[in-house]
Novice: 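Shown below is the structure under consideration.
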Amino acid sequence: MTKAHSAAFRLATWNINSVRLRIEQVTRFLDEHQPDVLCLQETKCREEEFPAKAIRAAGYEHMAIHGQKAYHGSAIVSRLPLSDIDRVDFCAMGDARHVAATVALPKALSNADAVRVHSLYVPAGGDEPDVVTNPKFDHKLRFVAEMGDKLQADASLPTLIAGDLNIAPYEEDVWSHKQLLKVVSHTPVETELFEATREALGYTDTMRRHVAMEEKLYTWWSYRAKDWAASNRGRRLDHVWTCQKWSERSTGISVYTDARSWTKASDHAPVIVDYA
DNA sequence: ATGCCTTGTTCTACAAGA
């Protein structure tokens, strides 16, 4: 089943939670939604273990992969040519949490012939929202700050930042603002840093550009709920940020929650953004 | 607040997720 779409450029991002285990879900998603570019996080394999053959067979010949054994891992798969592949080791932990590439756009697109895409996986941050007692939380905050600094320096091309940023910034980005204020992903220190970082870059929260602040919007639902859809205790942890040059160009977003219902699903649903 | 579940590996126990 192949669905055509009218967007000039379609970007998607998905924390796949093991790309090898769910490669058939990836190719199904590519086939059904036809993004030009798909950013993946938590691929959980080395570059040489990445299921490139199946992705190529799905019509996505271009890949930028930053892998490591068992943990993390980020990738960009594309049907448009990629160049200038870069892998930043934020916080010098040796983690494969970032990969970037320049996407060559079809000539039909006006104003620009390339866009820079970053696929990011921000650390979850552990349980305790305290930088003194919890090194993982400290790492998370330093990661976001460093991300802001490093991406500032790479602003020559129109830029899209996509990925699992592991922070739900707004009240309606979580199922209960009050109950999650002290839960890592929605604490004020995180959400304030998140917003300050995005604003310093001058980027748009593209999902919220198209979905009113008053509306609940989630991309992740815990595996631990007996019935994720019925309890619907979600959080918006996955994001697409669009630079000023392109901020007005987005025409719509969707969270493909169907994928959360698939057998052996990832705990994250894909996010799709269309650009005119 | 925790973790009702899930991942990959050091594989039947563990660390990590968020």
Novice: Which residues pass the ring pair (Phe, Tyr, Trp, His ring centres under 6.0 Å) test with His62(A), sequence neighbours left out?
Specialist: none
Novice: Taking dA18(B) as the reference, what is the distance to dG3(B) when you measure between their C1' atoms (whole Å, please)?
Specialist: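 So the two C1' atoms sit 10 Å from each other.
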Novice: Name all residues meeting the salt bridge (charged side-chain N to carboxylate O under 4.0 Å, His left out) criterion together with Arg56(A); count only those two or more places apart in sequence or in a different chain, and write none if there are none.
Specialist: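 Salt bridge (charged side-chain N to carboxylate O under 4.0 Å, His left out) check on Arg56(A) returns nothing, list empty.
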Novice: Mind calculating the distance between CZ (Arg260(A)) and P (dC5(B)) to the nearest angstrom?
Specialist: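 Taking atom P of dC5(B) as the reference, CZ of Arg260(A) is at 13 Å.
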Novice: Indicate every side-chain donor-acceptor pair of residues 163-181 of chain A with a distance under 3.5 Å to a residue at least two apart or in another chain.
Specialist:
| unit_1 | atom_1 | unit_2 | atom_2 | d |
| --- | --- | --- | --- | --- |
| Asp164(A) | OD1 | Asn166(A) | N | 3.0 |
| Asp164(A) | OD2 | Asn15(A) | ND2 | 2.9 |
| Asn166(A) | ND2 | Val122(A) | O | 2.7 |
| Tyr170(A) | OH | Glu195(A) | OE1 | 3.1 |
| Tyr170(A) | OH | Glu195(A) | OE2 | 2.7 |
| Tyr170(A) | OH | Arg198(A) | NH2 | 3.4 |
| Glu172(A) | OE1 | Lys216(A) | NZ | 3.0 |
| Asp173(A) | OD1 | Arg208(A) | NE | 3.3 |
| Asp173(A) | OD1 | Arg208(A) | NH2 | 2.7 |
| Asp173(A) | OD1 | Arg236(A) | NE | 2.8 |
| Asp173(A) | OD2 | Tyr170(A) | N | 2.8 |
| Asp173(A) | OD2 | Arg236(A) | NE | 3.4 |
| Asp173(A) | OD2 | Arg236(A) | NH2 | 3.1 |
| Ser176(A) | OG | Gln179(A) | N | 3.1 |
| Ser176(A) | OG | Gln179(A) | NE2 | 3.2 |
| His177(A) | ND1 | His186(A) | NE2 | 2.8 |

Novice: Would you call Glu146(A)-Arg142(A) a salt bridge at under 4.0 Å N-O?
Specialist: no
Novice: Rounded to whole angstroms, how far apart are NE2 on His186(A) and P on dA1(B)?
Specialist: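 Distance check: His186(A) NE2 to dA1(B) P gives 13 Å.
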Novice: Could you tell me the separation between the NZ atom of Lys226(A) and the P atom of dT6(B), rounded to a whole number of Å?
Specialist: 12 Å
Novice: If I pick the C1' atom on dA13(B) and the same atom on dA1(B), what distance separates them, to the nearest angstrom?
Specialist: 25 Å
Novice: Got a sec, which residues hit side chain to side chain donor-acceptor pair (under 3.5 Å) with Thr102(A), two or more places apart in sequence or on another chain?
Specialist: Arg116(A)
Novice: Under 4.0 angstrom, heavy atoms only, what part of the nucleic acid is Arg22(A) near: base, sugar-phosphate, or nothing?
Specialist: sugar-phosphate
Novice: Counting primed atoms plus P, OP1 and OP2 as sugar-phosphate and everything else as base, spell out the protein contacts along nucleotides 8-18 of chain B at 4.0 Å heavy-atom distance: B, S or - for each nucleotide, 5' to 3'.
Specialist: SSS-----SBB
Novice: Distance-only criterion, 3.5 Å: show the donor-acceptor pairs between side-chain atoms of residues 217-224 of chain A and protein atoms not counting sequence neighbours.
Specialist:
| unit_1 | atom_1 | unit_2 | atom_2 | d |
| --- | --- | --- | --- | --- |
| Thr219(A) | OG1 | Leu237(A) | N | 3.1 |
| Thr219(A) | OG1 | Asp238(A) | N | 3.0 |
| Thr219(A) | OG1 | Asp238(A) | OD2 | 2.6 |
| Trp220(A) | NE1 | Asp267(A) | OD2 | 3.1 |
| Trp221(A) | NE1 | Asn232(A) | OD1 | 2.9 |
| Ser222(A) | OG | Arg224(A) | N | 2.9 |
| Tyr223(A) | OH | Asn17(A) | ND2 | 3.0 |
| Tyr223(A) | OH | Arg22(A) | NH2 | 3.4 |
| Tyr223(A) | OH | Ala265(A) | O | 2.8 |
| Tyr223(A) | OH | Asp267(A) | N | 3.1 |

Novice: In whole Å, what separates the C1' atom of dT10(B) from that of dA15(B)?
Specialist: 11 Å
Novice: Taking atom C1' in both dT12(B) and dT7(B), what distance in whole Å separates the two?
Specialist: 15 Å
Novice: For atom C1', what is the distance between dC11(B) and dT6(B), given to the nearest Å?
Specialist: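 So the two C1' atoms sit 15 Å from each other.
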